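Below: the structure, in structure tokens.
None of the values given here were measured: they were computed from a predicted structure.
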Amino acid sequence: MMNMRKTANFLALFISVFIFSQAKSLKKIPAKKNSKTIVKKVSEPKVNPDWVVINGEVPVLIPQKKNGKFGYVNQKGKFLIEPEYHIAVFFAEDCNLLNSPNEKIRKFGTQKYATVEKDLISYRIDQSGKRVYQYKNTDLGKCQSVFKQQQYQAYILNGFYGIIEPSKFVNAADYRDYQIYPQYEYLHIMEGDDVSNPMIVASHNDRFGVIDVHNNIIIPFEYSNIKRNFSWKLGKMFEVTKDGTNYYYIDSKNKAY
């Protein structure tokens with residue numbers, strides 16, 4: 001019995017010493033101070049300085065002619081696609097390719113590409129200037145034309161041009177029936193998306209400018225010609241010339257590119 005008590009006391013003492021030593025050793029473990037979480041910085045994509053946007057209303061790449069050939073300049077006038085084409089139009093959709101019977105070709109009909117022509121061969125190029133597709137008649141589909149009725153039209157009175165709104169025009173002898181009373185040598189309503197506020201190419205004193213339907217001057221009458229093409233619809237720009245030979249594009253603020 002006595003031996004059993006001694007054994008029990010010994011075990012109790014051993015356990016106490018073991019626990020005390022473990023607690024003491026735990027206290028000796030230094031705590032980490034000011035631990036920092038390492039966060040990797042995600043690098044932002046580099047912006048090409050050549051793709052500068054001065055005017056958000058016009059394209060980043062603009063057709064431009066140099067030495068008789070067309071290429072594309074940025075909004076600062078720097079050539080990003082060298083001039084080598086006989087024809088170059090704005091980057092825009094091509095409905096014939098969008099509706100191509102060849103499904104693999106349809107992507108080239110999107111506005112990511114532009115149509116150019118060299119040596120009587122037509123291509124689609126991407127924004128780097130690479131030719132990615134050569135036109136084939138078998139690839140062309142049928143455009144689904146959507147007719148948009150124009151709200152205004154030109155009207156000639158005594159040899160001068162004005163603007164009327166046909167739905168409201170009743171009496172040609174009443175000046176109040178005219179949107180713009182005939183006073184110009186020539187008028188042409190440019191095709192665009194906003195039929196209620198179209199841009200109108202006008203001629204006054206043998207010089208061309210642009211007005212709106214309220215007869216406000218948008219582009220001063222300082223050009224020998226302004227082309228009546230799709231430049232306003234596709235690029236919100238006008239193709240103009242002062243000498244009758246050298247054409248270039250301007251925006252609605254009369255800024256040249």
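In this structure a side-chain-to-backbone donor-acceptor pair under 3.5 Å is present from Asp177 to Val170. The backbone N or O of Val213 sits less than 3.5 Å from a side-chain atom of Gln179, completing a donor-acceptor pair. One N or O on the side chain of Glu185 and one on the backbone of Asp206 form a donor-acceptor pair closer than 3.5 Å. In this structure a side-chain-to-backbone donor-acceptor pair under 3.5 Å is missing from Asn216 to Asp212. At distances below 3.5 Å, at least one donor-acceptor pair connects side-chain atoms of Asn74 with backbone N or O atoms of Lys76.
Under a hydrophobic clustering in which Ile, Leu, Val, Met, Phe, Trp and Tyr are joined whenever their side-chain heavy atoms come within less than 4.5 Å, directly or via other members, Ile217 and Tyr161 fall into the same cluster. By the rule that hydrophobic residues join a cluster once side-chain heavy atoms approach within less than 4.5 Å of another member, Ile54 and Val60 end up as members of separate clusters. Residues Trp232 and Leu234 do not share a hydrophobic cluster, defined by chaining ILVMFWY side chains whose heavy atoms lie under 4.5 Å apart.
Two residues are said to be in side-chain contact when any heavy atoms from C-beta on lie closer than 4.5 Å; Ile163 and Ile200 meet this criterion. Taking 4.5 Å as the limit, every side-chain heavy atom of Val73 sits out of range of all side-chain heavy atoms of Lys78. Taking 4.5 Å as the limit, some side-chain heavy atom of Glu222 sits within range of a side-chain heavy atom of Asn254. Side-chain contact between Tyr248 and Gln64 is present, with heavy atoms from C-beta onward closer than 4.5 Å. A heavy-atom distance below 4.5 Å is found between the side chains of Ile211 and Ile180. A heavy-atom distance below 4.5 Å is found between the side chains of Ile250 and Phe238. Between Phe90 and Pro63, some side-chain heavy-atom pair lies under the 4.5 Å cut-off. Contact check for Pro83 versus Phe70: no side-chain heavy atoms found under the 4.5 Å cut-off.
With rounding to the nearest 0.5 angstrom, the CD atom of Gln150 is 6.5 Å from the CD1 atom of Ile189. Tyr133 contributes atom OH, which lies 3.5 Å from atom CG of Asp139 (distance to the nearest 0.5 angstrom). Between the CD atom of Gln75 and the CG atom of Asn55 there is a distance of 6.0 Å, given to the nearest 0.5 Å. How far NE2 of His188 is from CD1 of Ile226: 11.0 Å, rounded to the nearest 0.5 Å. Interatomic distance, Phe108 CZ to Ile125 CD1, rounded to the nearest 0.5 Å: 13.0 Å. The CD1 atom of Ile81 sits 8.0 Å away from the CD atom of Gln127 when rounded to the nearest 0.5 Å.
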Candidate pair Val210 and Tyr223, rule side chain to side chain contact (heavy atoms under 4.5 Å, CB included), full reasoning
CA-CA 10 Å; Val210 178; Tyr223 297 99; over 6 Å; no
Any chance you could lay out the salt bridge (charged side-chain N to carboxylate O under 4.0 Å, His left out) test for Asp251 and Lys253, step after step, and finish with the verdict?
CA-CA 5 Å; Asp251 61 22; Lys253 301 293 191 298; over 6 Å; no
Can Val201 and Leu187 be said to form a side chain to side chain contact (heavy atoms under 4.5 Å, CB included), step by step?
CA-CA 6 Å; Val201 174; Leu187 285 177; over 6 Å; no
Does the side chain to side chain donor-acceptor pair (under 3.5 Å) test come out yes or no for Asp243 and Asn246, once each step is laid out?
CA-CA 6 Å; Asp243 60 11; Asn246 299 301; 2.7 Å; yes
After noting the C-alpha distance and the side-chain angles of Gln183 and Phe160, does the key distance pass the side chain to side chain contact (heavy atoms under 4.5 Å, CB included) rule?
CA-CA 5 Å; Gln183 57 194 274; Phe160 290 95; 5.6 Å; no
Let me see the working for Arg207 and Ser224 under side chain to side chain contact (heavy atoms under 4.5 Å, CB included), right down to the final yes or no.
CA-CA 5 Å; Arg207 304 302 289 176; Ser224 64; 3.7 Å; yes
Apply side chain to side chain donor-acceptor pair (under 3.5 Å) to Asp94 and Tyr113, showing your working.
CA-CA 9 Å; Asp94 183 324; Tyr113 304 95; over 6 Å; no
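Below 30°, between 30° and 60°, or above 60°: for Tyr155 and Phe169 the angle between ring planes is between 30° and 60°, a tilted geometry.
Between Leu61 and Phe91 the shortest heavy-atom distance is CD1-CE1, 3.6 Å. The minimum heavy-atom distance between Pro166 and Tyr152, with the atom names listed, is CD-CA, 4.3 Å. When every heavy atom of Ser231 is checked against every heavy atom of Tyr249, the shortest pair comes out as CB-CE2, 3.7 Å. Residue Phe221 comes nearest to Ala202 through the heavy atom pair CE2-O, 3.4 Å, listed as atom of the first residue, atom of the second, then distance. Pairing each heavy atom of Arg228 with each of Phe208, the nearest pair is NH1-CE2, 3.9 Å.
Side-chain polar atoms of Tyr135 and Asn96 form no donor-acceptor pair below 3.5 angstrom. There is no side-chain donor-acceptor pair under 3.5 Å between Ser100 and Asn102. No hydrogens or angles considered: nothing links the side chains of Asn215 and Tyr181 as a donor-acceptor pair under 3.5 Å.
Because its NZ or CZ atom is both nearer than 6.0 Å to the ring centre of Tyr123 and within 45° of the ring axis, Arg131 counts as a cation-pi partner of that residue.
Using a cutoff of 4.0 Å between basic side-chain nitrogens and carboxylate oxygens, Asp193 and Lys233 are scored as salt-bridged.
None of Lys65, Lys118, Lys69 except one satisfies the salt bridge (Lys or Arg N to Asp or Glu O under 4.0 Å) rule with Glu84; the exception is Lys118.
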